[in-house]
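A short worksheet on the structure shown next.
In each ligand, atom 1 is the first atom listed, and ligand 1 is the first ligand listed.
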Amino acid sequence: MKIAIASDHAGYNYKRELSVFLKELEQQVLDFGTFSEESVDYPDFAFPAAEAVAGNIADFGILICGTGIGMAITANKIVGIRAANCTSVEMAEMARRHNNANVLTLGARITDLPLAKEIAKTFLFTEFEGGRHMIRIEKIHSITGN
Ligand code: RB5
């Protein structure tokens with residue numbers, strides 16, 4: 001799979017670690033920055049990475065900031081993106097099974113790195129269940145246009 005990854009300064013070290021982890025899992029990583037711990041604004045990195053997912057350049061996105069919240073708010077503005085901010089493996093599993101989330105957001109100041117890796121792995125390798133969950137997702141789109 002191709003994974004679009006991005007962070008702000010707060011998530012920069014997690015982005016580096018998760019990129020290595022994803023490559024160990026034999027996934028292709030498309031890195032949309034940031035590329036240092038210098039303070040930046042998370043929307044500048046969330047938008048291009050989320051657009052890569054929405055445009056089918058990447059299969060999934062992983063966006064990391066301090067809490068994961070700003071990244072989720074930003075990514076969810078893009079048509080076709082269903083971003084889920086997950087703080088547990090269970091949330092990651094359900095975000096895929098029930099919500100067909102295509103972007104995972106993580107909080108580097110909230111979730112420790114070993115757990116963040118497990119969350120990412122679970123997110124990437126859990127299938128959407130479809131069925132009644134697809135009907136609900138289609139309702140989101142029909143009501144909001146996204
Ligand atoms: C940066 O200090 C912090 O606000 C950002 O990483 C993120 O947590 C926002 O949601």
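Contacts of Phe123 classified as ring-ring contact (aromatic ring centres under 6.0 Å, His included), with partners at least two apart in sequence or in another chain: Phe60.
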Given the rule in the side-chain contact (heavy atoms from CB on, under 4.5 Å) test, do Phe21 and Lys121 qualify, once you have shown the distances and angles that lead to the verdict? CA-CA 9 Å; Phe21 179 64; Lys121 185 176 172 184; 4.1 Å; yes

Distances under 3.5 Å, N/O of ligand 1 against N/O of the protein: list each pair and its distance.
from     : atom 1 : to     : atom 2 : distance (Å)
ligand 1 : 2 (O)  : Arg109 : NH1    : 3.2
ligand 1 : 6 (O)  : Asp8   : OD2    : 2.5
ligand 1 : 6 (O)  : Gly66  : N      : 2.7
ligand 1 : 8 (O)  : Gly66  : N      : 3.2
ligand 1 : 8 (O)  : Thr67  : N      : 3.0
ligand 1 : 8 (O)  : Thr67  : OG1    : 3.2
ligand 1 : 10 (O) : Thr67  : OG1    : 3.4
ligand 1 : 10 (O) : Gly70  : N      : 2.8

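Ile110 is listed as a side-chain neighbour of Thr87, based on a closest heavy-atom distance under 4.5 Å.
Of the candidates Asn76, Thr111, Thr67, Thr105, Asn85 forms a side chain to side chain donor-acceptor pair (under 3.5 Å) with just one, namely Thr105. Between Tyr12 and the options Glu38, Glu37, Glu17, a side-chain contact (heavy atoms from CB on, under 4.5 Å) holds for only Glu37.
Among all heavy-atom pairs drawn from Asn146 and Ile81, the shortest one is OD1-N, 4.0 Å.
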